[in-house]
Amino acid sequence: PFEGVAWTLRPPQGPPQDCFACIAKPPALQQASPVLSPSSDVYLMESKSCKGDSLRPAVPCKHSVEKKTMTNPTTVIEIYPDTTEVNDYYLWSIFNFVYLNFCCLGFIALAYSLKVRDKKLLNDLNGAVEDAKTARLFNITSSALATFCIILIFIFLRYPLTDY
């Protein structure tokens with residue numbers, strides 16, 4: 001049945017055009033049957049006359065499946081929440097501590113302002129926002145009560161109680 005047929009080495013199955021991983025390493029020849037050992041020098045042959053007949057199945061590129069799921073390599077950059085927008089009310093707290101320290105409320109506001117700065121350095125955005133609200137509350141209370149006391153002092157200096 002094989003008389004007159006010229007046998008040649010089968011051309012190696014090349015990788016797909018776009019697969020760079022397979023260009024460096026050509027695919028290894030597979031065994032035609034389980035009887036052949038990997039160390040034997042048997043080459044799989046095919047006839048020139050019948051290209052459709054093949055002794056081994058075509059080996060698809062193993063990277064063609066990976067290409068569909070693989071994405072381009074990316075650089076991961078960790079983005080921390082922007083803590084610069086959290087106001088710490090530091091200068092207002094210092095002013096209240098030095099000038100308007102009504103019942104030590106200015107000192108408490110200053111302590112919370114420093115806690116806000118520490119939490120901003122640790123990127124604890126939720127804690128910084130909560131302490132900033134508390135510092136603002138103490139600053140408002142200290143400023144309002146101290147201003148009210150100063151206004152009362154001026155009123156009593158202008159109109160002493162002996163006149164009533």
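With no hydrogens or angles considered, a side-chain donor-acceptor pair links S93 and N139 at under 3.5 Å.
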**OP:** Take N96 and L105, measure what side-chain contact (heavy atoms from CB on, under 4.5 Å) needs, and give me the verdict at the end.
**Re:** CA-CA 8 Å; N96 281 339; L105 292 177; over 6 Å; no
**OP:** Decide yes or no on side-chain contact (heavy atoms from CB on, under 4.5 Å) for L100 and I150, but give the supporting numbers first.
**Re:** CA-CA 9 Å; L100 306 174; I150 290 172; 3.9 Å; yes
**OP:** Please report the C-alpha distance between W92 and S113 in whole Å, then the side-chain angles of each, then the deciding distance to 0.1 Å, and finally whether the side-chain hydrogen bond (donor to acceptor under 3.5 Å, both in side chains) criterion is met.
**Re:** CA-CA 9 Å; W92 190 12; S113 295; over 6 Å; no
Original post:
Please walk me through it: do Y112 and I108 pass side-chain contact (heavy atoms from CB on, under 4.5 Å)?
Top reply: CA-CA 6 Å; Y112 275 102; I108 296 171; 3.9 Å; yes
Original post:
Given the rule in the side-chain contact (heavy atoms from CB on, under 4.5 Å) test, do L110 and I94 qualify, once you have shown the distances and angles that lead to the verdict?
Top reply: CA-CA 6 Å; L110 181 62; I94 289 177; 3.7 Å; yes
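At distances below 3.5 Å, not a single donor-acceptor pair connects side-chain atoms of S142 with backbone N or O atoms of F97. Without hydrogens or angle criteria, N101 side chain to G106 main chain gives a donor-acceptor distance under 3.5 Å.
Taking hydrophobic clusters as Ile, Leu, Val, Met, Phe, Trp and Tyr residues chained together by side-chain heavy-atom distances below 4.5 Å, F148 shares a cluster with F156. Hydrophobic clustering places F107 together with L114 (ILVMFWY residues linked when any side-chain heavy atoms are closer than 4.5 Å, directly or through intermediates). Linking ILVMFWY side-chain heavy atoms closer than 4.5 Å, directly or via other members, places L152 and L161 in a single hydrophobic cluster. Side-chain heavy atoms closer than 4.5 Å link hydrophobic residues (I, L, V, M, F, W, Y) into clusters, and following such links, possibly through other members, connects Y90 to F95.
The minimum heavy-atom distance linking L157 with P160 is given by the pair O-CD, 4.1 Å.
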Return all side-chain donor-acceptor pairs below 3.5 angstrom for residues 131-138, not counting sequence neighbours, or 'none' if the list is empty.
from: D131; atom 1: OD2; to: K119; atom 2: NZ; distance (Å): 3.0
from: T134; atom 1: OG1; to: E130; atom 2: O; distance (Å): 3.0

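One distance of note links CD of E85 with NZ of K120; it measures 10.0 Å at 0.5 Å rounding.
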